Amino acid sequence: MNQYDREAIEAKWQKNWEQWELYHFDKQSTAPVYSVDNPPRYASGPLHVGHATHYTHIDFAARFRWQTGYNVLFPLCVDVNGMPIEVNVEKKHGIHMRDTPRQEFLRLCKEFADENTDQIRTQFNLLGCCMDPSIFYRTDAEQYRRLTQITFLKLYNEGLIYKGLAPVNWCPRCGTALADAEVEYADRESILNYIHFGVSGQDEDAIVATTRPELICTCQLAAVSPKDEKLAHLIGKKLITPIYGKEVDIIADDKVDPEFGTGLVMICSIGDKDDLDWIYKHNLPVENAMDGQGIMTNIAGDYKGMTIKDARAAIIEDLKKQGLLPKQEKAEQSVGSCWRCKTFIEFLQVPQWFLKTLDAREEVLKIADELNWYPEFMKIRLQNWVNSLNRDWVISRQRYFATPIPIWECNSCGDIILAKEEDCYVDPTVDEPPVPECPECGEQLAGCEDVFDTWMDSSISPLYITYWQQDNELHEKLWPCSLRPQGQDIIRTWAFYTILRSHYLKGGKPWNDIMVDGFILAPDGRPMHASDGNVIDPLDLLEKYGSDAWRYYSSTVTIGEDVAIQEKDILHGQRFCTKLWNIHKFISKTIAGPVEVDWSQLRTSDRWLLTQYSRLVKEITRDYEEFHFDRVIRKLEAFIWHVFADHYIEMVKYRMNDDEQDDALAHTLYTVGLGTLKMLAVIIPHITDEIYEQLYKEFDGVQSITVSEWPEPGIEEDIELTRGDVLKDIISAVRNWKSEQGLALSAELEIIEIIGPRIEYLMGSELDIAGTLKAKNVLLMAEAEVIETPVEIKPIHAIIGPKFKQYASEIVKKLAAVEAAEIAPALESGELDIELSNGETVKIERDMVNIIKVPMLDGKEVKSVNVGDLLILIGQEAD
RNA sequence: GGGCUCAUGGUCUAGUUGGUUAGGACUUCGCCUUGACAUGGCGAAGAUCUCCAGUUCAAAUCUGGAUGGGCCCA
């Protein structure tokens with residue numbers, strides 16, 4: 001093996017995997033299937049560190065299953081439907097969607113999506129992801145949209161979809177209804193206008209404070225707080241609106257904050273969420289003061305045809321002229337805005353398509369309970385969301401680039417004609433309806449111009465990837481999916497809607513497991529924002545440190561946690577790769593394929609390592625199954641670097657000469673070297689595949705380590721752990737001692753004497769000690785002839801605590817207060833009596849404390865090192 | 001305002017069921033070119049485990065409260 005050439009190796013293996021078609025789902029295979037409902041990457045915007053981390057996490061789950069014998073279904077997929085691409089196309093070409101012919105605009109959207117799709121494929125390759133290009137899908141493909149439309153038809157026929165007038169969140173700029181999830185709330189400063197209203201049957205005025213005076217025309221009701229004494233006399237009277245002169249009731253309502261404005265509130269349809277609540281509560285009519293483009297309607301009287309902003313300015317001007325506006329002041333207000341273009345949203349009563357959601361809440365919660373959530377607490381978020389729902393799901397959108405709603409409507413009687421399932425995919429804005437004219441009244445039919453909310457597409461991804469309505473036999477075999485990985489930010493959208501649709505269409509859960517990932521924050525611990533200048537480009541890091549280093553970093557990020565990214569962690573990943581390379585380079589000359597040996601042929605050091613290795617295999621397997629990638633990498637790194645390399649290899653270096661074959665060594669190195677490499681291949685596949693090819697492939701026999709067989713645990717012997725630990729501690733203690741003395745580690749020693757009761761553990765390891773520490777002689781003695789002086793008595797809390805309970809701390813204090821040398825003999829010979837403050841006497845036994853001793857010779861300390869109760873005396877050459 | 005979640009040396013973090021000296025990484029300093037690795041090895045320094053209260057012989061760990069991040073919602 002030569003130097004580790006990261007760039008060449010990563011490029012080579014990315015190419016190999018693709019050319020060898022290693023990660024293709026095999027429909028014919030009889031192996032168990034592991035299916036990943038991979039989140040289609042959205043085809044606009046650059047690759048974010050969040051993507052790069054999240055997708056490698058998903059890749060870990062998939063690669064682990066490839067290596068444990070599954071037939072993995074892990075599609076490469078891209079999402080393109082919806083507004084972000086529309087907005088990007090508008091920006092790119094300097095056009096507006098609604099000023100552009102529909103089909104032309106759709107062509108530009110597709111073109112944009114195509115360009116980005118190629119880029120996404122390249123980026124996934126760079127990350128070393130094993131997504132299957134042979135089952136690639138994009139959410140605008142006719143096959144995909146066909147399925148979305150079929151689900152609509154099925155749900156419609158079951159009476160779960162209805163068209164209704166309903167107040168919806170409305171973005172006047174985009175001209176579309178928004179789901180609640182698409183509305184963002186932020187505080188903004190606005191002007192609170194104090195306006196004189198009349199009160200019927202009396203001379204006095206009442207003043208209402210409002211930020212939306214242009215909505216006075218839709219005023220339906222007025223309210224005061226029942227606790228508000230100064231306004232109590234108004235309850236039951238009628239309020240007369242200025243300009244319009246309309247009379248509305250004044251009622252008492254708990255929701256009114258007497259401290260806000262004047263304490264008198266006008267309730268309009270529809271200014272904000274609170275208005276909506278009152279309108280539902282009091283069953284008031286809903287009037288639209290503006291149309292879909294934010295232009296005032298004839299309800300607004302003289303202000304008809306103005307924009308909302310202009311109308312507000314005009315009515316304020318008029319009120320001022322009439323002397324009805326005594327005061328204006330600034331006020332902080334939480335205002336909803338469009339998630340994409342940030343325009344302030346309004347509420348409009350418009351015809352929309354709804355999918356019944358409220359009726360299914362119980363069932364969705366039941367399914368949520370049947371899923372395994374990783375981490376568990378993410379389930380609570382879904383439950384809270386479901387329990388807080390109060391509206392059905394608006395599934396129609398007044399946009400272009402999404403799946404068309406497959407219906408035609410009669411221009412005259414409004415009859416609805418559904419597309420036929422076998423005709424889907426259809427675009428009603430282009431395609432002919434299944435019947436030439438309205439069957440009810442004979443009038444012309446118009447294709448529906450609305451499209452679906454993109455979650456209508458996204459929420460059938462598990463149905464799509466399991467060949468629902470494409471290959472029913474295969475679908476039944478594949479359903480439900482094994483895993484849904486996704487971000488925590490879309491629990492109440494993607495996860496919720498997918499469960500909902502699975503319930504309606506399949507009557508059960510869509511997957512077995514759901515893995516919910518957290519957020520990657522900037523190094524300063526804040527979210528990354530271009531405006532904060534703290535955005536980190538993962539492509540730069542990939543270029544600088546490589547894919548394996550990035551994947552190493554990614555594995556250290558705990559699933560579901562929000563963590564700040566640190567560049568040094570990626571650098572550390574690169575160093576780990578270098579270390580791994582050098583370890584295998586070093587042991588390569590001793591690797592000679594699998595060597596059968598009897599356990600009895602192995603030395604303590606070998607058994608010590610193999611026992612730990614066997615336990616590691618079990619733990620790592622379980623950690624992978626539970627998506628604890630952070631634990632996997634921590635344990636593997638600690639074992640490979642600090643057990644295998646720092647201790648085992650150091651212990652066996654002297655055995656690694658070419659002259660004689662050491663079967664025990666060859667067996668141990670091969671087993672542990674290959675086994676740990678395989679477990680690492682899930683996380684860092686490039687370097688491990690290269691090492692595998694160079695060292696192990698000829699014996700293990702698979703084309704790529706990434707599809708090799710998972711390692712098996714082996715023999716474990718607890719006593720060997722203890723024995724090996726003592727051996728390891730002795731060796732490292734003496735090596736440290738050499739280092740501290742400024743001696744070379746290769747410095748020869750005349751003699752090493754090890755004294756103490758535990759030397760029995762070292763029987764048989766004398767050669768290892770001598771060979772590793774360059775000592776000419778090694779002596780093991782149960783008892784010392786040197787005089788050891790006790791210098792410290794250390795209580796063992798785990799024994800003293802439970803035994804003496806409330807007296808424990810007093811005993812510990814008493815032990816610390818006396819000279820170690822005074823009480824040590826008593827402890828050694830049997831027991832020590834301690835008198836407590838309450839007059840009682842307790843016995844301290846030998847095993848309740850550690851006695852720390854220092855060897856003395858003629859009253860002087862000798863060169864020695866303590867390892868627990870073992871004493872090591874070191875004799876230097878010519879000393 | 002509500003739900004969930006996090007808070008550990010200067011920085012980033014580990015810490016299963018409470019129990020010897022709170023583990024690691026980065027940084028800083030010192031030593032070491034030891035048969036693969038100086039992108040390495042050894043050592044030193046550095047933490048009243050955010051704060052307050054409680055349970056307990058014993059709390060980073062359990063309970064309650066406060067404060068401050070993050071995500072989502074209102």
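Since we're looking at a predicted model, the values are computed, not measured. Chain naming here is simple, since letters A, B, ... match the order of the sequence lines and numbering starts at 1 in each.
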Original post:
Would you say the ring centroid of A:Tyr545 lies under 6.0 angstrom from that of A:Tyr553?
Top reply: no

Original post:
Of A:Ile490 and A:Glu561, whose nearest nucleotide on RNA chain B comes first from the 5' end?
Top reply: A:Glu561

Original post:
Expressed as a whole number of Å, how far does the P atom of B:rA36 sit from that of B:rC49?
Top reply: 45 Å

**OP:** To the nearest 0.5 angstrom, please state how far the OG1 atom of A:Thr53 sits from the CZ atom of A:Arg551.
**Re:** 11.5 Å

**OP:** Determine the interatomic distance between P on B:rG35 and the same-named atom on B:rC42; round to the nearest Å.
**Re:** 16 Å

Original post:
In whole angstrom, what separates A:Gln566's CD from B:rG10's P?
Top reply: 15 Å

**OP:** Under the side-chain hydrogen bond (donor to acceptor under 3.5 Å, both in side chains) rule, what do A:Arg484 and A:Thr498 come out as? Steps first, then yes or no, please.
**Re:** CA-CA 10 Å; A:Arg484 154 62 68 86; A:Thr498 307; 3.2 Å; yes

**OP:** Could you check how far CH2 of A:Trp385 sits from P of B:rC72, rounded to whole Å?
**Re:** 13 Å

**OP:** Examine the side chains of A:Glu626 and A:Asn372 and answer whether a donor and an acceptor come within less than 3.5 Å of each other.
**Re:** no

**OP:** Measure centre to centre between the rings of A:Phe576 and A:Tyr552, then say whether the value is under 6.0 Å.
**Re:** yes

Subject >> G-U wobble or Watson-Crick pairing nucleotide for B:rG1 (cut-off 3.5 Å, both distances) >> reply: B:rC73

Original post:
Hey, would you say the A:His48 and A:Tyr55 ring centroids sit under 6.0 Å apart?
Top reply: no

Subject >> Pairing partner of B:rG30 (Watson-Crick or G-U wobble, both distances under 3.5 Å) >> reply: B:rC42

**OP:** Scan every strand shown for a Watson-Crick or G-U wobble partner of B:rU48, both distances under 3.5 Å, and answer none if you come up empty.
**Re:** none

Original post:
For atom C1', what is the distance between B:rA25 and B:rG46, given to the nearest Å?
Top reply: 14 Å

**OP:** Kindly confirm or rule out a cation-pi arrangement of A:Lys774 over A:Tyr654, judged by NZ or CZ under 6.0 Å from the six-membered ring centre and within 45° of its axis?
**Re:** no

Original post:
Counting only heavy atoms not in A:Lys803, do more than 12 sit closer than 6.0 Å to its NZ atom?
Top reply: no

Subject >> Given B:rC72, B:rA36, B:rG70, the nucleotide with the shortest approach to the side chain of A:Lys585 >> reply: B:rA36

Original post:
For the side chain of A:Glu650 and the base of B:rA36, is some donor closer than 3.5 Å to an acceptor across the two?
Top reply: yes

**OP:** Using the P atom on both, measure B:rU48 against B:rA22 and round to a whole Å.
**Re:** 13 Å

**OP:** Can you tell me, in whole Å, how much space there is between the C1' of B:rA60 and that of B:rA14?
**Re:** 12 Å

Original post:
Roughly, in whole Å, what's the span from CZ in A:Phe639 to P in B:rA14?
Top reply: 23 Å

Subject >> Polar side-chain atom of A:Asp662 near backbone of A:Arg655 as donor-acceptor pair, under 3.5 Å >> reply: no

Original post:
A:Ala645 or A:Thr558: which one's nearest nucleotide on RNA chain B is closer to the 5' end?
Top reply: A:Thr558

Original post:
More than 12 foreign heavy atoms under 6.0 Å from CD of A:Glu625: is that the case here?
Top reply: yes

**OP:** Side chain of A:Phe377 only, please: which of B:rU5, B:rG70, B:rU13 is the nearest?
**Re:** B:rU5

Subject >> Nearest-Å distance for atom pair CD1/P, residues A:Ile380 and B:rC4 >> reply: 7 Å

Original post:
What nucleotide, of B:rU20, B:rA36, B:rG15, holds the atom closest to the side chain of A:His797?
Top reply: B:rU20

Original post:
Among residues 568-584 of chain A, which contact RNA chain B at a heavy-atom distance under 4.0 Å?
Top reply: A:Lys568, A:His572, A:Arg575, A:Thr578, A:Lys579, A:Asn582, A:Ile583

Original post:
With rounding to whole Å, what would you report as the distance between B:rG69 and B:rC12 at their C1' atoms?
Top reply: 15 Å

Original post:
When the ring planes of A:Phe627 and A:Phe629 are compared, do they come out parallel, tilted or perpendicular, using 30° and 60° as the limits?
Top reply: perpendicular

**OP:** Measure the distance from CD on A:Gln3 to P on B:rA36 and round it to the nearest whole Å.
**Re:** 12 Å

**OP:** Would you please say whether a donor-acceptor pair under 3.5 Å links the side chains of A:Tyr4 and A:His584?
**Re:** no

Between protein and nucleotides 56-59 of chain B, what N or O pairs are separated by less than 3.5 Å?
from, atom 1, to, atom 2, distance (Å)
B:rC57, O4', A:Lys805, O, 2.9
B:rC57, O4', A:Gln806, N, 2.6
B:rC57, N1, A:Lys805, O, 3.4

**OP:** Report the distance from atom OH of A:Tyr553 to atom P of B:rA25, rounded to the nearest whole Å.
**Re:** 18 Å

**OP:** Encode nucleotides 42-48 of chain B as B, S and - characters from 5' to 3', where the letter depends on protein heavy atoms closer than 4.0 Å: B to the base, S only to sugar-phosphate, - to neither.
**Re:** BS-----

Original post:
Under 3.5 Å, is there a donor-acceptor pair between the A:Gln3 and A:Lys585 side chains?
Top reply: yes

**OP:** Would you tell me if any nitrogen or oxygen in the side chain of A:Trp641 comes within less than 4.0 Å of OP1 or OP2 on B:rG41?
**Re:** yes

Subject >> Separation of the P atoms in B:rU27 and B:rU67, to the nearest angstrom >> reply: 38 Å

Subject >> Side chains of A:His529 and A:Asn534, donor plus acceptor under 3.5 Å >> reply: no

**OP:** Sort out the partner of B:rA36 for me: Watson-Crick or G-U wobble, both distances under 3.5 Å, none otherwise.
**Re:** none

**OP:** May I ask which nucleotide in the shown strands pairs with B:rU55, Watson-Crick or G-U wobble, both distances under 3.5 Å?
**Re:** none

Original post:
To the nearest angstrom, how far is A:Phe644 atom CZ from B:rA36 atom P?
Top reply: 16 Å

Subject >> Nearest-Å distance for atom pair CG/C1', residues A:Asn387 and B:rC4 >> reply: 14 Å

**OP:** Could you work out the separation of B:rC26 and B:rU20 based on their C1' atoms and round it to a whole Å?
**Re:** 29 Å

**OP:** Give one of base, sugar-phosphate or nothing for A:Arg634, where a contact means two heavy atoms less than 4.0 Å apart.
**Re:** sugar-phosphate

